[in-house]
> 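Here it is: the structure, laid out below.
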Amino acid sequence: MTDVMSDVSPWAILIAAIFTSNILLTNFLGMCSFLACSRQVGTAVGLGTAVIFVMVCTTAINWCIYTYALVPQELDHLWFIIAIAVIAAFVQFVEMFVERFSPKLYHALGIFLPLITVNCAILGASLLMITRHYGFWQSMAFGLGGGLGWMLAIVLIAGLRQKMTYSDVPQPFKGVAIVMIITGIMAMIFMGFAGMVKI
Amino acid sequence: MSDSQGCSHGGLCGGKGKETMKAGVWITNPVAIQVLGICSALAVTTTLMNSLVMSLALTFVCIGSNLFVSLLRDVTPRRIRMIAEVAIIATFVIIFDLLLKAFYFEMSEQLGPYVGLIITNCIIMGRAEAFALQNPPAVSMLDGLANGIGYTIVLCAVGFFRELLGAGQLFGITIFETTSKGGWYPQNVVMILAPGAFITLGFLIALYNYMSGANDPDKEATS
């Protein structure tokens with residue numbers, strides 16, 4: 001690892017974050033809410049949208065704080081705590097917003113909205129963009145692509161889970177076990193995208 | 001939650017210790033039953049050694065944060081308890097991260113962002129919320145240890161199968177001679193890659209359900 005900025009184009013990062021290195025299927029981020037909220041396509045879409053929105057905004061805020069406040073002051077060992085504080089505050093804001101403007105969505109998401117704070121995909125995107133030395137636009141592309149990729153994965157799995165309600169799954173595999181296995185197969189399918197873009 | 005009933009009364013909860021231990025390690029195993037902390041369970045288990053270090057990190061953070069959340073449980077205002085918990089957890093994660101960087105730099109590079117991601121590991125947050133907030137410090141630490149061990153068992157099991165089937169090795173020592181080195185074992189690279197992680201964990205959870213008979217239809221709602 002070097003300290004120079006990565007020079008990959010933002011478009012490549014966007015496409016890569018959606019398909020080739022999907023944040024859920026290859027980096028395993030955001031699994032908890034993924035397993036909890038993937039029963040209904042509607043809920044999955046709602047949560048996915050919230051994740052995209054939060055992810056884009058928090059990567060932007062966190063990138064600015066890290067680059068302009070923490071690095072010049074040599075406080076980068078505080079990075080974890082700052083990143084999670086920004087995310088927690090932002091999610092609080094989104095929660096109030098959704099409650100005010102879309103009570104239906106608010107009830108559908110229930111307790112899972114506050115759980116976006118501990119959705120590892122959000123924090124993961126912030127940590128990964130620093131580890132990979134992305135610039136501002138690259139980080140934005142990564143945040144957007146990561147969110148879209150996460151939503152794509154959760155909506156696809158929710159669709160499969162709805163169909164699977166009527167399948168005769170062996171007793172021990174019912175519930176989480178079979179979801180893990182179909183997610184594995186989904187990850188294998190997404191491996192087919194590898195080589196589409198180079199990052 | 002049921003294991004915390006009546007525990008707020010008597011001192012160090014003498015009789016509760018064993019039950020707490022059993023619940024954390026097996027009955028309500030954090031990964032297999034509650035399906036928490038899956039991210040790291042999948043991401044770092046490419047080798048057995050990584051799994052072990054990650055488990056150590058989680059156990060350390062879980063014990064430390066449970067202790068402090070429990071010590072501060074009477075003075076923390078309810079409204080800001082989440083932020084307080086996250087701050088305590090993040091502090092312990094930073095401590096472990098710096099220790100790892102100082103003494104075992106290669107491992108720190110390999111685990112990458114996943115050490116930082118312990119902050120958002122639902123197991124730790126879950127234990128702080130569900131247990132440490134209602135219980136005295138000593139038994140909370142024990143609960144942290146028990147859940148850490150429960151997590152360690154699952155992680156090491158996943159790491160064991162992935163490293164053995166994917167690379168023919170355990171702890172970096174060759175067990176099966178792979179065909180690329182002139183042996184007999186055709187390497188199964190998928191096990192090292194992402195899909196292998198999902199499928200291994202899926203089968204392990206199914207195995208757990210089969211062994212413990214945990215998957216009764218009436219319990220479906222909790223899964």
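Below, chain A is the first sequence line, B the second, and so on; all start at residue 1.
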> Rounded to the nearest 0.5 Å, what's the gap from CD1 on Ile88(B) to CD1 on Ile81(A)? Could you check?
10.0 Å
> Side chain from CB out, backbone as N, CA, C, O: work out which of these in Ile189(A) comes under 4.5 Å of a heavy atom of chain B, or both, or neither.
neither
> Does any heavy atom of chain A fall under 4.5 Å from the side chain of Leu204(B), the backbone, both, or neither of them?
neither
> Answer yes or no: does atom CZ of Phe101(A) have more than 12 heavy-atom neighbours from other residues, nucleotides or ligands under 6.0 Å?
yes
> Could you pull out the closest heavy-atom pair between Thr183(A) and Phe198(B), with the gap in Å?
CG2-CE2, 3.6 Å
> If you count heavy-atom pairs under 4.5 Å between each of Ala90(B), Ala87(B), Ala206(B) and chain A, which one has the most?
Ala206(B)
> Quick one: which of Leu117(B), Ile118(B), Val93(B), Thr91(B) gives a side chain to side chain contact (heavy atoms under 4.5 Å, CB included) with Phe80(A)?
Val93(B)
> Between CE of Met31(A) and CG of Leu42(B), what distance do you get to the nearest 0.5 Å?
5.5 Å
> Verify the neighbour count for atom CZ of Phe68(B): are there more than 12 heavy atoms of other residues, nucleotides or ligands below 6.0 Å?
no
> Quick one: do Phe173(A) and Phe203(B) satisfy ring-ring contact (aromatic ring centres under 6.0 Å, His included)? Show the steps, please.
CA-CA 8 Å; Phe173(A) 280 91; Phe203(B) 274 99; 5.4 Å; yes
> Decide yes or no on side chain to side chain contact (heavy atoms under 4.5 Å, CB included) for Asn27(A) and Tyr114(B), but give the supporting numbers first.
CA-CA 10 Å; Asn27(A) 289 328; Tyr114(B) 293 102; 3.6 Å; yes
> Can you pull out the residues in residues 43-55 of chain B with any heavy atom less than 4.5 Å from chain A?
Ala43(B)
> Can you give me the closest heavy-atom contact between Leu193(B) and Met191(A), atom names plus distance?
CD1-CE, 3.4 Å
> Quick check: closest heavy atoms across Gly184(A) and Pro195(B), and the distance to 0.1 Å?
O-CB, 3.4 Å
> Quick check: are there more than 12 heavy atoms from other residues, nucleotides or ligands sitting under 6.0 Å from CZ of Phe96(B)?
yes
> Return the minimal non-hydrogen interatomic distance between Lys174(A) and Asn209(B), and the atom names on each side.
O-ND2, 4.3 Å
